[in-house]
Structure formats: C-alpha cells, structure tokens
Amino acid sequence: MDDLGTQEQAVLQLITANPFLGQQEIATSLGLARSTVAAHIVALVNKGYVLGRGYVLPASQRMVCLGGAVFDRKYHAKRPLIFETSNPVNSHRSFGGVARNVAENLARLGVDLGFVSIVGDDETGRALTRHLADLGADVSQVITTSERPTAEYAAILGVENELVLGIADMDVFDLFSPAHLDRIWPHLASAAWVFMDCNMPAATIEALLQRKAGARFKLAVDTVSTPKAARLPKDLSGIDLLFTNFDEANTLLGLTDDARLQPRDAAEALRAAGVGEVIVTMGAQGYAVATSAGVEVMQPVPAQPVDVTGAGDAMIAGTLYRVLAGDPLPLAARTGALLASLTTESEASVRPDLSARFLEAGMHRVSAQGE
C-alpha cells in the first residue's frame, strides 16, 4: 500500500472491516469531511483497492483478459477444391479470439477471471459471452454494440489441411475506444494481472499503457500477428510480460529482413526497449524466455498434434496460470508449453476436458518422462 496516503489507508481499513459503512459514518469515525472521504474513495477505486459501489473488495489473485472475441468457422474440403463452383466440405464452428481463448483456458483452470471485449448485438455475441459466463468468468464488462456484428473468421482448408483462404470481419474491435477504459477501469485496476491482445485499436492500447502507470496491476500483452504488433507504441515500458513470436518480435524492433535478430537476441532487445519480461516463441523449435536473470532458450513439450489451432493461446494461459500462482517466468513457461502441446492433441482450440487436475496430471507425466 505504498501508493496510499495516510487518510486513504485509514478509509480502506474501515471499509475492509465493514464494507457497509456509509461515507458519513467513515467521515465521523476519522474526523474528516464527508467530501474528503468521497474523494479518498474515488482514489481507492482508481487505484484498484475498491471496486466501486458497495465498497466491494477485489480478490487478491484476480485476472482480467481484454481483447478479441471471435466466432470461428472452418471448412475442410473433401476433395481438391475447384474455384468458381460449389465444393463439398466438412464444417466446424467454435468460439475463438486470442483473449477469449486465453480466458476460457484460465476459467477452466479455476482462475478468478474477468473478460472484457466488444461484441455485436446479435445471437453470436450473446452465445459467446454466455459460454464464458457458464464457465465462471465475469463477463459483466463486455461491451455490446449495434453498429457492427460480432467478429467472425472463416478458413477454407484443402484436402491436406492447408489453408487455402482465410477471411475475417474484425471491424467491431475498432469501436473499442479509449473512452471505454473509463467504464471498465475499476475492474482492470483491481486485478493482479491484466492480459491484453493487440486486437484492440492502437489508440486504446496506448491509452491503457499510459493509464496503467498509476495502477497496481501487472500487464501481459500478446502481439497476435505481425501487422497487429505494429499497434504497440514505441515505448514498451508499461508491459510487464510480452508474448510474441519471432517475426512479430522483429517487427516490434523495427528490423528489416536483412537485420533480423535471432529469438534469443530479439528477446534481449525487447527487454532493453522497456519490457519487463519476454517470451519469444518459435513454434516447434521452442521458445526464448528473457528475464532480469538473462535469456534461456527452452524446448517444447513433445506432442502428437491433431490441430495446432489455439496452441499459442494455451501457451499464454498456462504461463499466466502459474505466474499468478507465484512461479518465476521460466518455470511458468514450462507449464505454458505443456498446455500448448496438450491443446495440439485435441481438435478443439481450447480443450473441453481441461482442468487444474488434468494439467497437473500432464505435468507429472512430463516429469516422469524426463527422469
């Protein structure tokens, strides 16, 4: 509580002891004016010590995921595709989006979780938020708009499971403006960690990074893609943990093909650019973890993949799950790598059988194989 003044600490102590106290009762107890107490309570909300009306106190290990929520469609061709005519396919529909996938993984692992995104005023948006709510996530801060439909992505895959065509309608995310941060701020400020993906507009990302300087939560960010990585500002000092892949890392560093850094060096360079800790992924080649102690290149957990969709999101979720529990990043990343491998062995982007017990069993299995 080093960021609280003496009077703010006194107000918080009274609220903690009795959340039903009125402002006048607090003022009388402390010998302060009611207007002074009201100002202190506003400060406590902005700093994340109180969640607003009713003086609800935040959970100590709460996480909020902020970013993309998408309805995914996949069409697998039954035989070689012929353009400009109808082709027989097998179709699959699921909920997706980086932040949404991370949120679902964490909810299934039992994390106290809030989810924030923007969806259309349509059945798809309602089904998407209802699905997370049914898993125990707080979706009260999801924004609904009638201006655009819920984001959708469709992939047409060839007979060898290769991507032939991908189309995306993501314009709804452009409507998530910096002004929306005012509404959701108490939920962000009260979290231990906030995870954000770069599906958000550049102005909103920059506004969050600037405002985060006065908050207590730690911020993890995923770059999502090379074009979306460019939405991050040049000053990365507000990011406590960055998830990015090799190509996206070089884009962030402004490097051309001729000057590209290897993952280890890219991770070090991103820390030098202000990021607290960095994970640079390399797919089947593993990942580099950069902390104040140095950089370690780590190997992936062996798997028999069925579908790699969602593996990167699982890597993020597994890592954050253990970071929230207090593990140092290199150790937490091993859990992330395990969950990523387990996810590739499922046809789903998020394993429907995922639980803390399931993940623990996987960790024991990997440990036994390594002995």
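In this text the structure is predicted, and so the values were computed from the model without any measurement. Along the sequence shown, residues are numbered consecutively beginning with 1.
The distance from the CG atom of Leu331 to the OG1 atom of Thr335 is 6.0 Å, given to the nearest 0.5 Å. The distance from the CD atom of Glu152 to the CG atom of Asp122 is 8.0 Å, given to the nearest 0.5 Å. Taking OG1 of Thr319 as the reference point, atom CZ of Arg334 lies at 11.5 Å (rounded to 0.5 Å). The CG atom of Leu163 lies 10.0 Å from the NZ atom of Lys74; values are rounded to the nearest 0.5 Å. In this structure, Tyr75 OH and Leu81 CG are separated by 13.5 Å, a value rounded to the nearest 0.5 Å. With rounding to the nearest 0.5 angstrom, the OG1 atom of Thr129 is 12.5 Å from the CD1 atom of Ile143.
Although no hydrogens or angles enter the test, the distance criterion places no donor-acceptor pair under 3.5 Å between the side chain of Arg216 and the main chain of Ser190. Side chain of Gln9 to main chain of Leu4: a donor-acceptor pair is present (N/O by atom type, distance under 3.5 Å, no hydrogens or angles). Under a 3.5 Å cut-off, the side chain of His131 and the backbone N or O of Leu128 do not form any donor-acceptor pair. Between the Arg271 side chain and the Thr291 main chain, a donor and an acceptor come within less than 3.5 Å of each other. Side chain of Thr281 to backbone of Tyr287: no donor-acceptor contact under 3.5 angstrom is found. No donor-acceptor distance shorter than 3.5 angstrom exists from the side chain of Arg108 to the backbone of Glu104, with no hydrogens or angles considered.
Between Arg126 and Glu123 there is a salt bridge, since at least one side-chain N of the basic residue sits less than 4.0 Å from a carboxylate O of the acidic one. Remark: Arg211 engages Asp182 in a salt bridge, criterion side-chain N to carboxylate O under 4.0 Å.
No option in Asp169, Asp121, Asp174 other than Asp169 meets the salt bridge (charged side-chain N to carboxylate O under 4.0 Å, His left out) test with Arg148. Partner Lys228 forms a side chain to side chain donor-acceptor pair (under 3.5 Å) with one of Thr251, Asn199, Asp222, Asp197 and no other, that one being Asn199.
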Evaluate the criterion side chain to side chain contact (heavy atoms under 4.5 Å, CB included) for residue pair Trp193 and Asp240; output intermediate values, then yes/no.
CA-CA 10 Å; Trp193 276 86; Asp240 296 287; 4.2 Å; yes
Stepwise side chain to side chain contact (heavy atoms under 4.5 Å, CB included) test for Leu354 and Leu339:
CA-CA 9 Å; Leu354 178 61; Leu339 184 52; 3.7 Å; yes
Please lay out, stage by stage, how Leu242 and Thr223 fare under the test side chain to side chain contact (heavy atoms under 4.5 Å, CB included).
CA-CA 8 Å; Leu242 179 66; Thr223 47; 4.1 Å; yes
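Between Asn245 and Glu248, the side chains place a donor N or O and an acceptor N or O closer than 3.5 Å (distance only, hydrogens not considered).
The heavy-atom pair separating Leu113 from Cys65 by the smallest distance is CD1-SG, 3.8 Å.
For the pair Arg62 and Phe217, the cation-pi test (distance below 6.0 Å, angle within 45°) is failed.
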